[in-house]
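Since the structure comes first, as structure tokens, the remarks are kept for the end.
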Amino acid sequence: MKQSQLFLTTLRETPADADVVSHQLMLRAGLIRQFTAGVYTFLPLGLRVLSKIEAIVREEMDAAGAQEVLLPAVQTEDIWDQSGRSEDYGPDMFRLRDRHDRRMVLAPTHEELITQLVRNEVRSYRQLPVTLYQIQTKFRDEPRPRGGLLRMREFRMKDAYSFDLDEAGLDRSYQAMFDAYCRIFDRIGIAYRAVDADPGAIGGEGGTHEFMVLSDAGEDTIAGCTGCSYAANVEKAAGQALAKADGAAVPPRERMATPGVRTIEDLVQMLGVKASQIIKVIVYLADGQPVAVCLRGDHEVNEVKLKNVLGARHVEVAPADAVERLCGRPVGFVGPDVNLPVWFDRDVWSVADGVAASAEPGYHDVHVLPGRDFEVGRTADLRMVADGDRCQHCGSPLRFFRGIEVAHVFKLGTKYSSVFRATYLDERGQERVIQMGCYGLGTSRVIAAIVEQCHDEHGIVWPMSVAPYRVHIVPVSVRDEQQMQVAKSLYHRLRAAGVDVLLDDRDERPGVKFKDADLIGLPVRITVGNKVAEGAVEVKLRRTGDVQVLPVEQAFETVLGLVHR
RNA sequence: CGGAAUGUAGCUCAGUUUGGUAGAGCGCACGGUUCGGGACCGUGAGGUCGCAGGUUCAAAUCCUGUCAUUCCGACCA
């Protein structure tokens with residue numbers, strides 16, 4: 001492509017609305033333009049990157065035995081009523097009415113539709129297993145779009161669905177997709193980590209992993225073991241249970257006046273104790289029903305774990321007035337003896353000589369010992385892992401990272417297939433429910449993740465695999481005939497060799513061209529300048545800045561080697 | 001949905017406090033001088049000041065409402 005013909009405008013200054021580096025650079029480098037919140041146009045350069053990512057995804061899906069389809073993005077809402085997810089998604093779904101006033105949606109994902117499709121097509125065990133995938137535009141009316149392509153309302157995603165005879169088959173299909181994802185991200189060339197995750201609204205009965213690209217711009221926190229390969233989203237992450245404290249020497253409990261206390265910090269100040277000595281109780285509403293959670297003062301409730309333990313659809317901290325009404329005492333004075341169903345975090349046992357709200361409002365007890373001074377009832381791991389926690393597998397310390405969730409694989413089991421009665425007849429003529437898995441990969445989000453990881457102060461530094469063009473030929477002066485002749489010759493020869501090349505044939509000053517070249521970030525730059533008189537050009541690598549001055553012929557060979565490596 | 005900020009030229013922003021003819025830099029067009037890391041000089045085009053209503057002789061500026069965008073939180077494959 002000749003740059004003088006390319007529909008590309010780079011921005012010298014950073015647009016004010018862009019806060020995240022990848023967003024800033026994608027706007028400045030002319031990859032995308034925002035239309036409205038969370039909705040973007042892909043310009044030629046941006047589309048080329050998206051297409052290359054999707055091509056890699058397609059190749060690896062095909063190689064893994066998946067077959068491509070294209071499902072409708074416009075769907076009737078009734079299938080969402082059937083699965084119950086219309087309510088789950090709520091306002092996050094774009095809804096519309098057709099001319100017959102029929103309720104329609106723009107699909108946020110496709111489990112419902114594909115399950116129904118497969119129900120209609122598959123009858124016999126002979127037709128299974130099968131994995132289908134598509135690369136689609138998806139719609140989610142996110143409450144808060146963010147960071148350019150990181151969280152969009154209209155976005156691109158590859159989603160695959162596997163259909164198996166039994167759980168063993170599902171395990172194989174799941175592993176095949178997992179492995180394909182690893183190959184995809186390896187080929188793209190970004191640092192990622194597959195982590196244990198919570199299935200969230202997609203649901204399902206089996207395992208699930210998220211593929212995280214490590215980046216401070218990410219919205220998720222990952223706990224990773226420093227000693228072994230364990231890593232998990234903090235929503236899911238569990239550490240070793242803390243050791244049960246030795247309470248033998250704890251004196252009898254004693255009552256202290258603590259007027260006006262509300263927070264753990266208040267208690268720490270007033271009583272001079274450590275937060276880790278305090279036994280706190282937080283009142284939740286689980287699908288509207290009150291439940292108390294008792295845990296150590298320095299620990300934080302993990303609402304996902306709580307939700308899972310309770311089997312609740314939704315949990316939220318009860319508002320202060322609800323706490324007073326339910327417990328008959330203000331926030332800050334609710335103790336483990338509260339007259340509500342109580343769940344205990346397993347690590348309350350680590351407290352000896354603790355502090356807890358007493359039976360009498362306005363007072364706290366000190367020298368409190370779990371089991372002696374209050375009964376520890378139903379117990380589970382209900383808290384977020386924290387600094388200092390140790391890996392449940394190897395005991396090494398856990399560390400925390402931020403990550404961008406670029407893909408997610410689930411074992412769904414029969415969650416959707418049973419609702420939609422997607423069944424088959426086995427060898428013995430018995431009707432059995434299909435085992436499903438689903439596998440999402442956000443192709444547009446991957447672009448943002450790549451740019452987050454691959455940039456420097458001058459601009460984007462594309463990996464060879466997804467660069468919009470692999471080689472940038474920059475003649476310093478388009479009015480120098482010799483330079484232009486060499487530049488054009490290299491351009492045509494590289495193109496003939498199947499290389500994506502961009503030729504900056506614009507009549508601009510060298511500084512402008514170099515700045516643009518760095519901003520756009522093509523991996524290899526051939527600068528054709530003064531040295532052409534001696535038959536030499538420069539080959540510069542964007543990533544390292546390394547420059548080689550080479551005779552034209554050798555430069556051609558070198559570049560071919562670089563781009564095909 | 002709660003909290004906050006911002007809407008003025010294509011981009012970055014000043015002007016709003018204290019009402020009085022719409023501004024700068026960059027970008028764009030033209031002419032000239034330049035030409036290996038975002039040149040310089042000159043000329044010029046470009047704006048319903050987010051929108052609606054109100055106050056006023058007069059509103060970018062004051063008041064009310066509304067819409068949009070962004071950030072924090074809640075929420076979220």
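In this text the structure is predicted, and so the values were computed from the model without any measurement. Each chain gets a letter, A, B and so on, in the order its sequence line appears, and its residues count up from 1.
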Are A/Glu111 and A/Tyr161 side-chain neighbours, meaning at least one heavy-atom pair lies under 4.5 Å? yes

Report which part of the nucleic acid A/Phe155 touches: base, sugar-phosphate, or nothing (heavy-atom distance under 4.0 Å, all strands). base

Could you please name the partner base of B/G38, counting Watson-Crick and G-U wobble pairs only when both distances are under 3.5 Å? none

Using both distances under 3.5 Å as the test, list the Watson-Crick or G-U wobble partner of B/A29, or none. B/U43

Examine the base of B/U12 for any acceptor or donor lying under 3.5 Å from a partner atom in the side chain of A/Arg12, and report the outcome as yes or no. no

Between A/Thr14 and B/U12, is there a side-chain N or O to OP1/OP2 distance below 4.0 Å? no

Just compare B/G37, B/U69, B/C71 and give me whichever is closest to any side-chain atom of A/Gln34. B/U69

Heavy atoms under 4.0 Å, any strand shown: does A/Pro143 hit a base, just sugar-phosphate, or nothing? base

Check whether any side-chain heavy atom of A/Glu219 lies under 4.5 Å from a side-chain heavy atom of A/Arg151, and answer yes or no. yes

When you measure only distances, ignoring hydrogens and angles, does the side chain of A/Lys540 come within 3.5 Å of the base of B/G37 through a donor and an acceptor? yes

Before we go on, tell me: are the rings of A/His472 and A/Phe514 under 6.0 Å apart, centre to centre? no

Can you check whether any acceptor in the base of B/G25 is under 3.5 Å from a donor in the side chain of A/Glu13, or vice versa? yes

Report yes or no: is there a donor-acceptor pair, N or O only, under 3.5 Å between the side chain of A/Arg525 and the base of B/G37? yes

Only one of A/Thr221, A/Val213, A/Leu214 passes side-chain contact (heavy atoms from CB on, under 4.5 Å) with A/Arg402; say which it is. A/Thr221

Donor-acceptor pair present, A/Glu538 side chain and B/G36 base, under 3.5 Å: yes

Taking the nucleotide of RNA chain B with the closest heavy atom to each, which residue, A/Asp516 or A/Gly147, is nearer the 5' end? A/Asp516

Rounded distance in Å between the P positions of B/A45 and B/A29: 16 Å

With hydrogens left out and only the distance checked, is there a donor-acceptor pair under 3.5 Å joining A/Arg151's side chain and the base of B/C76? yes

If I take atom CZ in residue A/Arg146 and atom P in nucleotide B/U69, what distance separates them, rounded to the nearest angstrom? 17 Å

Sort out the partner of B/U69 for me: Watson-Crick or G-U wobble, both distances under 3.5 Å, none otherwise. B/A5

